[in-house]
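To start, the structure under review is shown below, and the notes come after it.
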Amino acid sequence: MDSQTLSPPDPFIRYSHEIAAAVTVPAAARALVGAAPLTTAEAAVVTTACGALSTRIALLRFLALPGTADPGAVRGHDPFTEPMPPALLGRGPMPDRDRVRSAGDRCVEAWRTWIADTGSGQSPVGVAGALSLAAWCSWALGSELRASTRARYALDLAADDPLATLVLRACRARRRAAWRG
């Protein structure tokens with residue numbers, strides 16, 4: 001191979017956070033709906049799983065499901081073959097308020113754990129992802145002020161976070177989830 005020919009980048013290096021997110025998403029789902037306080041290890045799992053948009057959408061879909069679903073069955077969302085979950089835009093059946101509130105608070109706790117130890121190796125992209133999921137949880141419950149605050153914190157960490165941007169735009173436009181009226 002001559003010096004002018006470029007070799008394709010190694011997908012495991014280039015997309016390492018997406019791979020880590022996909023591997024950790026079932027554990028993150030368990031951590032988000034668990035009854036015990038969030039541990040440091042669980043906080044790292046949540047932020048790792050939130051490092052990719054497809055896994056955040058999968059966690060959002062999981063949290064919005066009525067009833068209790070198996071967290072171990074949660075898999076990343078494939079935008080090419082699966083429709084976006086209606087709950088993303090506040091459509092469909094109303095999710096369990098306590099479950100969504102608790103998950104949002106646990107996402108914020110993961111961010112606080114990262115703030116306490118920024119040398120933990122957790123990715124700021126994943127931490128921003130966790131905050132954007134927390135923002136969606138607040139928006140889904142009708143707390144637009146809390147949602148916009150969480151979304152702005154997420155955008156401070158990752159200015160191009162798509163979920164945080166979507167939530168912040170919904171709040172600014174005063175667009176509420178259909179189940180909120």
Side-chain angles (χ1 to χ4, degrees), residues 11-65 68-77 85 87-88 95-141 143 145-168:
F12 295 112
I13 293 171
R14 187 170 178 200
Y15 303 109
S16 60
H17 67 279
E18 286 93 347
I19 293 167
V23 169
T24 58
V25 74
R30 271 190 221 80
L32 290 177
V33 297
L38 197 67
T39 66
T40 303
E42 288 172 328
V45 165
V46 168
T47 59
T48 300
C50 289
L53 181 59
S54 72
T55 49
R56 270 183 268 159
I57 297 299
L59 289 169
L60 183 152
R61 181 179 56 215
F62 166 72
L63 293 172
L65 287 174
T68 57
D70 177 20
V74 178
R75 299 290 176 259
H77 174 80
L88 177 65
D96 180 284
R97 292 183 59 79
D98 293 333
R99 178 180 165 130
V100 172
R101 180 179 293 112
S102 175
D105 291 346
R106 285 170 170 269
C107 286
V108 170
E109 190 57 35
W111 168 71
R112 287 186 182 129
T113 301
W114 178 74
I115 290 292
D117 184 13
T118 55
S120 66
Q122 295 178 54
S123 162
V125 171
V127 175
L131 281 172
S132 70
L133 185 57
W136 177 85
C137 290
S138 294
W139 174 81
L141 296 173
S143 182
L145 181 59
R146 179 174 285 166
S148 62
T149 300
R150 289 174 172 180
R152 281 195 302 276
Y153 278 134
L155 291 168
D156 285 346
L157 290 171
D160 60 347
D161 187 279
L163 183 56
T165 300
L166 179 70
V167 170
L168 191 56

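These figures come from a predicted structure and were not determined experimentally.
Rounded to the nearest 0.5 angstrom, D96 CG and L63 CG are separated by 10.0 Å. Distance check: R97 CZ to L141 CG gives 5.0 Å after rounding to the nearest 0.5 Å. Atom CG of residue L166 and atom CG of residue D161 lie 10.0 Å apart, to the nearest 0.5 angstrom. To the nearest 0.5 Å, atom CD1 of residue I57 and atom CG of residue L88 are 5.0 Å apart. Put simply, CG on L133 and OG1 on T47 are 12.0 Å apart, with the number rounded to the nearest 0.5 Å.
T113 has its side chain out of reach of D117: every pair of non-hydrogen atoms, C-beta onward, lies at least 4.5 Å apart. By the 4.5 Å heavy-atom criterion applied to side chains, Y153 and L157 are not counted as neighbours. Between F62 and V25 there is no side-chain heavy-atom pair separated by less than 4.5 Å.
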Starting from the C-alpha separation in whole Å, work towards a yes-or-no answer on side-chain contact (heavy atoms from CB on, under 4.5 Å) for L131 and L155.
CA-CA 9 Å; L131 281 172; L155 291 168; over 6 Å; no

Take L32 and C107 through the test side-chain contact (heavy atoms from CB on, under 4.5 Å) and record every step on the way to the result.
CA-CA 7 Å; L32 290 177; C107 286; 3.7 Å; yes

Go through V167 and S132 one step at a time and tell me if the side-chain contact (heavy atoms from CB on, under 4.5 Å) criterion holds.
CA-CA 8 Å; V167 170; S132 70; over 6 Å; no

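For the pair R150 (side chain) and A134 (backbone), a donor-acceptor distance under 3.5 Å is present. Under a 3.5 Å cut-off, the side chain of T39 and the backbone N or O of E42 do form a donor-acceptor pair. Under a 3.5 Å cut-off, the side chain of S102 and the backbone N or O of D98 do not form any donor-acceptor pair. No side-chain donor-acceptor contact under 3.5 Å links R112 to the backbone of V108.
Residues A87 and W139 share a closest heavy-atom pair of O-CZ3, 4.2 Å. Taking both residues in full, the closest heavy atoms of T24 and V45 are given as O-CG1, 3.8 Å, listed atom of the first, atom of the second, then distance. Scanning all heavy atoms of the two residues, the minimum distance from A28 to V46 falls at CB-CA, 4.0 Å. Contact detail for G129 and R56: the closest heavy-atom pair is O-CD, 3.2 Å. Taking every heavy atom of both residues into account, A164 and A151 meet most closely at O-CB, 3.6 Å. Between T55 and A52 the shortest heavy-atom distance is OG1-O, 2.9 Å.
Electrostatic pairing of R106 and E109 does not count as a salt bridge here, judged by no charged N lying under 4.0 Å from a carboxylate O.
Counting non-hydrogen atoms of other residues, nucleotides and ligands closer than 6.0 Å to CZ of R146 gives a total of 12 or fewer.
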